[in-house]
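Everything below concerns the one structure shown next.
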Amino acid sequence: MKRFIGTKQFYRTLLTIAIPVMIQNAITNFVGLLDNLMVGQLGTAEMSGVAIVNQLIFVFNLSIFGIVSAGSIFGTQFYGKRDYHGMRDAFRFKVIGNAIICLIAMLGLYTFRDFFISLYLHGSPVHRN
């Protein structure tokens with residue numbers, strides 16, 4: 001059998017990492033699809049609201065992914081050097097970074113929700129009842 005990148009063990013390890021990521025991504029996309037199906041029956045304005053919120057969630061997910069990726073890159077470099085203290089610091093960076101991003105997102109989206117929603121609207125501004 002011709003080897004492309006590595007051995008069977010490499011592909012087994014790759015799949016043990018990739019399959020849970022694919023499942024998580026499929027669940028996230030399926031929930032978005034269900035949102036669209038359920039709210040689509042209510043009307044156009046409601047459907048637009050769900051689409052806007054999904055875009056804001058996408059930006060939030062990109063922020064989380066960026067923090068986790070950065071910490072993981074450093075963590076694997078420290079692992080390659082067998083620097084376990086550096087690995088702990090990289091893990092701590094991921095946990096604290098995610099907590100900060102989550103707090104900023106919760107406070108920002110709750111406090112400035114009209115502003116963020118109006119960024120995606122082309123027309124009259126949003127008015128809360």
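How far CZ of Phe74 is from OG of Ser69: 12.0 Å, rounded to the nearest 0.5 Å. Separating the CG atom in Asp89 from the CD1 atom in Ile96 is a distance of 9.5 Å, to the nearest 0.5 Å. We find the CG-CZ distance between Leu107 and Phe112 to be 9.5 Å, quoted to the nearest 0.5 Å. In this structure, CD in Glu46 is found 13.5 Å from CG in Asp35, a value given to the nearest 0.5 Å. For the atom pair CG (Asn98) and CG (Leu103), the distance works out to 11.0 Å, reported to the nearest 0.5 Å. Annotation: the span from Phe78 atom CZ to His85 atom NE2 amounts to 8.5 Å, rounded to 0.5 Å.
Between Ala90 and Gly71, the closest heavy-atom pair is CB-O, 3.6 Å. Here the closest non-hydrogen pair linking Thr76 and Ile73 is OG1-O, 2.8 Å. Between Met87 and Gly75 the shortest heavy-atom distance is CG-O, 3.7 Å.
Residues Ile52 and Leu119 fall within the same hydrophobic cluster, defined by Ile, Leu, Val, Met, Phe, Trp and Tyr side chains chained together at heavy-atom separations under 4.5 Å. Follow the hydrophobic side-chain contacts under 4.5 Å out from Val59 and you reach Phe115 in the same cluster. Cluster membership for Ile67 and Phe60, using ILVMFWY side-chain heavy atoms within less than 4.5 angstrom, is shared. When hydrophobic clusters are built by joining Ile, Leu, Val, Met, Phe, Trp and Tyr residues whose side-chain heavy atoms come closer than 4.5 Å, directly or via intermediates, Phe93 is not grouped with Ile100.
The environment of Phe116 atom CZ is dense: over 12 non-hydrogen atoms of other residues, nucleotides or ligands sit within 6.0 angstrom. For Gln9, the CD atom sits in a packed shell: over 12 heavy atoms of surrounding residues, nucleotides or ligands are nearer than 6.0 Å. Other residues, nucleotides and ligands place more than 12 heavy atoms under 6.0 Å from the CZ atom of Phe10.
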Side-chain donor-acceptor pairs under 3.5 Å in residues 18-30, sequence neighbours left out?
from: Gln24; atom 1: NE2; to: Thr28; atom 2: OG1; distance (Å): 3.4
from: Thr28; atom 1: OG1; to: Gln24; atom 2: O; distance (Å): 3.0
from: Asn29; atom 1: ND2; to: Asn25; atom 2: O; distance (Å): 3.3

(request) Dump the intermediate steps for side-chain contact (heavy atoms from CB on, under 4.5 Å) on Leu42 and Met47, then the final yes or no. (result) CA-CA 8 Å; Leu42 297 176; Met47 186 69 179; over 6 Å; no
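The shortest side-chain heavy-atom distance between Asn54 and Asn36 falls under the 4.5 Å cut-off.
For Arg82 and Tyr84, the positive end is not near the middle of the six-membered ring at less than 6.0 Å and at most 45° from its axis.
Side chain of Thr111 to backbone of Gly108: no donor-acceptor contact under 3.5 angstrom is found.
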